[in-house]
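Structure first, then comments.
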Amino acid sequence: MADTSAKENKKNNSADAAVKENGANAEKKDNAAGTKIEKRTAAKGEVVIKTEHLTKRYGKKVAVNDLSLTIKKGEVFGLLGPNGAGKTTTILMLLGLTEPSGGTATIEGMNCTRDPLGVKSIVGYLPDNAGFYGDMTGRQNLRFTGRLNGLEGQELEDRIETLLKRVDIEYAGDQKVGTYSRGMRQRLGVADVLMKDPEIIIMDEPTLGIDPEGMRKLLILIRELAEEDGRTILISSHQLQQVQQICDRVGIFIEGNLIVKGTLRELEEHIRKEGSYLLELSVQPMDDQLLGMLYQQDGVKKIEKEGDKFMITSKKDIRPTLTRFLGENGYTVYHLHQRGGDLDEIYRVYFEKAGQADERSSYEKNNKKRRWFGGKKKQSVS
């Protein structure tokens, strides 16, 4: 009887121990899952990407110079600049694909150079020309990517269907990718990136070469990824008007230097405080009397003719005086526009201040040799 009771107690104790162990393991898994969920739903504004004095040299050429930058969770940040400015090199260092010559880059606290696999586990990357197997369908390409990321069975198929719908190419899911337009390939690229459900997405020139309708759909999708999913998006681009529509903040890159960063409103206010105005004027007649009057205005720094317009650069708003003069002297006004808070104008001003010719500026249409002012002093308004 005593032996039986002892055996029963031992058996019950073993069972209790097993239950406790299983409970502990389950709790551990739940805690791990909870940690992941908490990390994904952290308050917007937390810094997730950070560089400190990040530098990359190729021999004597400095591709990225002393870059210090923070990007917050849930925001769309635009890294802007012409080809060769250092944008792609910065992205490669963030992805751990090239080592910096100096400084550090971290994503979610992980050092991008020392822990590239950890970084890649939470970061999705869309290059400027997403690579797919052209003789495979969009669905087959996504299935291939999903399996590489450990997805199988119904979970894999469900995610493929969901993502094809989300990027609006469900109708082409069974077509070979070789038949896709560039815009369709880029949207398939976004779906491909989302197969591993990344917290952060880095896009290198995502709108390059896309038709207007394809671009519109892609920009809407990018904005949704930030607003609805809470994902952090870093976009490298030189297509200003498109990026302007979706970015929370931008940074302007010139010859490896981050010249300025902030919201569009902050950048606009900053250049206005410094006294940088550009007025477009088209009147009839465009005669010497008008030109002489313009040159006599206090604060006018430069006047150029572009097509049928005068482009007037000044330190202050000259419209009140100008409109009064035009009305009193019988001029017919066809166009009078003060460029202001658009990104193209902000971009132009900072290129001038850095002593660079803006290859995208309308000022270059006539291939004129221009006089630039200012030095390469770094500025920041954020």
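All figures in this text were calculated on a predicted structure; none of them were measured in a lab. Along the sequence shown, residues are numbered consecutively beginning with 1.
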Okay, side chain of [X], backbone of [Y]: is any donor-acceptor separation there less than 3.5 Å?
| X | Y | result |
| --- | --- | --- |
| K261 | L69 | no |
| T51 | L67 | yes |
| D192 | V190 | no |
| Q297 | M293 | yes |
| T321 | I318 | no |
| Y180 | A172 | yes |
| T263 | E266 | yes |
| S282 | D308 | yes |
| N257 | F253 | no |
| K196 | G146 | no |

What's the shortest heavy-atom distance between [X] and [Y], and which atoms?
| X | Y | result |
| --- | --- | --- |
| V64 | G86 | CG2-O, 3.5 Å |
| P320 | D317 | CD-O, 3.9 Å |
| Q186 | P127 | NE2-O, 4.0 Å |
| G74 | A226 | O-CB, 3.7 Å |
| G183 | I210 | CA-CG2, 3.8 Å |
| D135 | K176 | O-CE, 3.5 Å |

Any chance you could measure [X], atom [atom1], to [Y], atom [atom2], to the nearest 0.5 Å?
| X | Y | atom1 | atom2 | value |
| --- | --- | --- | --- | --- |
| R319 | R324 | CZ | CZ | 14.0 Å |
| M195 | L156 | CE | CG | 5.0 Å |
| L194 | I160 | CG | CD1 | 13.0 Å |
| S236 | M203 | OG | CE | 12.0 Å |
| I91 | L79 | CD1 | CG | 7.0 Å |
| K72 | T70 | NZ | OG1 | 6.5 Å |

Apply side-chain contact (heavy atoms from CB on, under 4.5 Å) to V167 and L221, showing your working. CA-CA 7 Å; V167 301; L221 176 60; 3.6 Å; yes
Less than 4.5 Å apart, any side-chain heavy atom of [X] and any of [Y]?
| X | Y | result |
| --- | --- | --- |
| Y171 | M184 | yes |
| E155 | R159 | yes |
| V193 | Y125 | no |
| D248 | R223 | yes |
| C112 | V119 | yes |
| I201 | L234 | no |
| P206 | L218 | yes |
| N83 | H238 | yes |

Let me check something: do [X] and [Y] share a hydrophobic cluster, defined by ILVMFWY side-chain heavy atoms less than 4.5 Å apart, either directly or through other members?
| X | Y | answer |
| --- | --- | --- |
| V47 | I233 | no |
| L208 | M215 | no |
| L291 | I312 | yes |
| L164 | I220 | no |
| I259 | V62 | no |

Check against salt bridge (Lys or Arg N to Asp or Glu O under 4.0 Å), E157 and R143: CA-CA 8 Å; E157 298 306 317; R143 189 174 293 123; 2.9 Å; yes
The criterion is side-chain contact (heavy atoms from CB on, under 4.5 Å); which residues satisfy it with T106, sequence neighbours excluded? K50
Ring pair (Phe, Tyr, Trp, His ring centres under 6.0 Å) contacts in which one or both residues fall within residues 48-94, not counting sequence neighbours: none
Contacts satisfying ring pair (Phe, Tyr, Trp, His ring centres under 6.0 Å) that involve residues 183-220 (not counting sequence neighbours) are none
Take Q175 and T137 through the test side-chain contact (heavy atoms from CB on, under 4.5 Å) and record every step on the way to the result. CA-CA 5 Å; Q175 294 178 21; T137 67; 6.0 Å; no
Would you mind listing the cluster partners of F144? Hydrophobic ones only (ILVMFWY), side-chain contacts under 4.5 Å, chaining allowed. Y133, M136, L148
Between Y331 and D287, does the side chain to side chain donor-acceptor pair (under 3.5 Å) criterion hold? Intermediate values first, please. CA-CA 10 Å; Y331 287 89; D287 55 17; 2.7 Å; yes
Evaluation steps, side-chain contact (heavy atoms from CB on, under 4.5 Å), between L188 and F132: CA-CA 9 Å; L188 180 64; F132 294 103; 3.8 Å; yes
Tell me, with the steps shown, if M110 and I122 meet side-chain contact (heavy atoms from CB on, under 4.5 Å). CA-CA 10 Å; M110 293 179 287; I122 61 170; 3.4 Å; yes
Does a side-chain N-to-carboxylate-O contact under 4.0 Å join D229 and R166? yes
SB check E199 R231 (cutoff 4.0 Å): no
For E224, does the CD atom have more than 12 heavy-atom neighbours from other residues, nucleotides or ligands under 6.0 Å away? yes
Does the pair K309 and E306 meet the rule for a salt bridge (Lys or Arg N to Asp or Glu O under 4.0 Å), with working shown? CA-CA 5 Å; K309 295 186 184 72; E306 183 179 306; over 6 Å; no
Who passes salt bridge (charged side-chain N to carboxylate O under 4.0 Å, His left out) against D298, sequence neighbours left out? K316
All salt bridge (charged side-chain N to carboxylate O under 4.0 Å, His left out) counterparts of R185, not counting sequence neighbours: none
T55 versus N65, side-chain donor and acceptor atoms under 3.5 Å: no
